[in-house]
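Please read the structure below before turning to the comments.
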Amino acid sequence: MIVAIDGPAGAGKSTVAKILARKLGFLYIDTGAMYRAITLKALENNTDIHDENKVYELALNSRIDLCNNADGSLSVFLDNRDVSSDIRQVRITRFVSDVSKIKGVRQVLVKMQREMGQKGDCVLEGRDIGTVVFPDAQKKFFIDASAQVRASRRFKELKGLNQDVAEDEVAKDLSNRDKIDSSRKVSPLRKAIDAIYIDTTELSIEQVVEKMLKLCK
Ligand code: DC
């Protein structure tokens, strides 16, 4: 069974997707982490991220592995190197929307995601899972929240990771990413017609997971 979870940044997708996957005994696949890994590689290699062919080639020659750890965390490996914390850096967040709008990069990563998803039951989280990656997913959710709540959640999350950021900068970055992610030509962020819309603005994590769990069972 495939559970597809899409929605904008900071809506709480990762948190609920991880818990839901654990409760269902499914594999958890964070597709945003894969776009972040390619962005990290491009920046480390000094590749011009606006040179679409170069970034596409780089993605084509990359290996990405996602490992579900026993404690519920996810480890991300890029070419066999653990990049789990590197991909959360502010500089990656700043450029990831530019990398993820490149058609070739999306083709490469969507192929990898389909291969990962075909291995068994899983919860995939991203922006285009229900619309493009697995349009036939048995269960689709679109997780949303007000812009203000999303910015405040993301700010707290970054603080927890000891990252030195200002809340208004986080809000600005989020709104900028929303704009790029929703307006790009290839696979823009969009709710699939058959996805269940959940507004988490006033809900706790437990309430959201409970709701999703009931709908999955
Ligand atoms: O979920 P996240 O913030 O880690 O995602 C990082 C970026 O990757 C986000 O700005 C949009 C992009 N992304 C995408 O285009 N398609 C996906 N399936 C997942 C993420």
Side-chain angles (χ1 to χ4, degrees), residues 5-15 17-18 28-67 69 73-110 112-113 116 124-129 150-184 186-189:
I5 305 181
D6 292 304
K13 287 188 314 285
S14 304
T15 311
K18 231 181 264 177
Y28 164 60
I29 299 175
D30 174 1
T31 61
M34 300 170 75
Y35 289 94
R36 286 173 179 271
I38 298 302
T39 307
L40 175 73
K41 187 163 174 176
L43 294 183
E44 283 183 345
N45 288 6
N46 289 322
T47 304
D48 175 5
I49 59 160
H50 300 293
D51 187 334
E52 302 204 349
N53 284 334
K54 284 237 168 75
V55 187
Y56 164 59
E57 229 170 80
L58 191 122
L60 208 52
N61 294 303
S62 297
R63 180 191 167 117
I64 299 175
D65 296 288
L66 301 179
C67 176
N69 301 316
S73 63
L74 178 85
S75 294
V76 182
F77 293 88
L78 169 68
D79 301 326
N80 299 314
R81 171 167 69 108
D82 189 344
V83 294
S84 312
S85 49
D86 289 353
I87 58 166
R88 304 290 162 197
Q89 292 164 5
V90 177
R91 67 182 185 125
I92 305 300
T93 306
R94 196 169 301 143
F95 292 111
V96 66
S97 283
D98 289 312
V99 168
S100 57
K101 68 182 183 193
I102 301 172
K103 192 175 170 190
V105 171
R106 300 204 71 84
Q107 278 169 352
V108 172
L109 295 190
V110 166
M112 280 188 206
Q113 290 155 15
M116 288 176 179
L124 288 105
E125 172 227 324
R127 304 291 190 286
D128 60 342
I129 310 300
R150 292 194 288 117
S152 140
R153 284 180 188 159
R154 193 39 73 96
F155 174 66
K156 282 190 198 136
E157 188 185 323
L158 291 171
K159 278 276 162 207
L161 293 171
N162 285 325
Q163 295 207 14
D164 188 21
V165 283
E167 190 162 355
D168 60 337
E169 250 178 64
V170 175
K172 227 189 290 167
D173 169 72
L174 219 63
S175 126
N176 185 39
R177 277 211 286 154
D178 279 354
K179 226 178 280 162
I180 304 178
D181 294 344
S182 323
S183 62
R184 66 176 175 229
V186 203
S187 319
L189 167 67

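Computed from a predicted model, the values in this text were never measured in an experiment.
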Check your understanding: Taking side chain as C-beta onward, heavy atoms only, is Val76 less than 4.5 Å from Ile87?
Key -> yes
Point to revise | Pairing residues for Ala171 by the side chain to side chain contact (heavy atoms under 4.5 Å, CB included) criterion, not counting sequence neighbours | key: Ala151
Review point. Would a 4.5 Å heavy-atom cut-off, applied to side chains only, mark Val108 and Tyr56 as touching?
Key: yes
Revision key, fill the gap. Those residues at least two apart in sequence (or on a different chain) that pass salt bridge (charged side-chain N to carboxylate O under 4.0 Å, His left out) with Lys18 are none
Revision key, fill the gap. Residues passing the side chain to side chain contact (heavy atoms under 4.5 Å, CB included) test with Val165, sequence neighbours excluded, are Val90, Phe155, Leu158, Val170
Point to revise | Arg63: partners by salt bridge (charged side-chain N to carboxylate O under 4.0 Å, His left out), with sequence neighbours left out | key: Asp65
Point to revise | Which residues share a side chain to side chain contact (heavy atoms under 4.5 Å, CB included) with Lys179, sequence neighbours left out | key: none
Review point. Less than 4.5 Å apart, any side-chain heavy atom of Phe77 and any of Val83?
Key: no
Study note, to complete from the structure: Taken in chain and number order and not counting sequence neighbours, the residues that satisfy side-chain hydrogen bond (donor to acceptor under 3.5 Å, both in side chains) with Ser187 are none
Practice item. Using the salt bridge (Lys or Arg N to Asp or Glu O under 4.0 Å) rule, collect all pairs that involve residues 159-173, keeping only residues at least two apart or in two chains. Key: Asp173-Arg177
Review point. Arg36: what forms a salt bridge (charged side-chain N to carboxylate O under 4.0 Å, His left out) with it, not counting sequence neighbours?
Key: none
**Study point:** Sequence-distant partners of Ala42, side chain to side chain contact (heavy atoms under 4.5 Å, CB included), two or more places apart
**Key:** Thr47, Ile49, Leu58
**Study point:** Pair Ser182, Asp178: side-chain N/O donor-acceptor within cut-off below 3.5 Å
**Key:** no
Point to revise | Arg184 vs Lys103 side-chain heavy atoms within contact, under 4.5 Å | key: no
Practice item. Output yes when Arg154 and Glu157 qualify as a salt bridge under the 4.0 Å nitrogen-oxygen rule, no when they do not. Key: yes
Review point. Where do Arg88 and Ser84 come nearest, in terms of heavy atoms and distance?
Key: CG-O, 3.6 Å
Exercise for review: For Ile92 and Asp86, work out which heavy atoms get closest and say how close.
Suggested key: CG1-O, 3.6 Å
Review point. Does the side chain of Val55 come within less than 4.5 Å of Glu52's, by heavy atoms?
Key: no
Review point. With a 4.5 Å limit on heavy-atom distance, are the side chains of Ser62 and Ile38 in contact?
Key: yes
**Study point:** Met116 vs Met34 side-chain heavy atoms within contact, under 4.5 Å
**Key:** yes
**Study point:** Residues which pass side-chain hydrogen bond (donor to acceptor under 3.5 Å, both in side chains) with Gln89, listed by chain and number, not counting sequence neighbours
**Key:** Arg91
Point to revise | Contacts of Asp128 that satisfy side-chain hydrogen bond (donor to acceptor under 3.5 Å, both in side chains) - sequence neighbours left out | key: Arg106
Review point. Taking only residues two or more places apart in sequence, or in another chain, which ones meet Glu44 in a salt bridge (charged side-chain N to carboxylate O under 4.0 Å, His left out)?
Key: Arg81
Check your understanding: Does some side-chain heavy atom of Asp6 sit less than 4.5 Å from a side-chain heavy atom of Glu125?
Key -> no
Check your understanding: How many angstroms lie between atom CE of Met112 and atom CD1 of Ile29, to the nearest 0.5 angstrom?
Key -> 12.5 Å
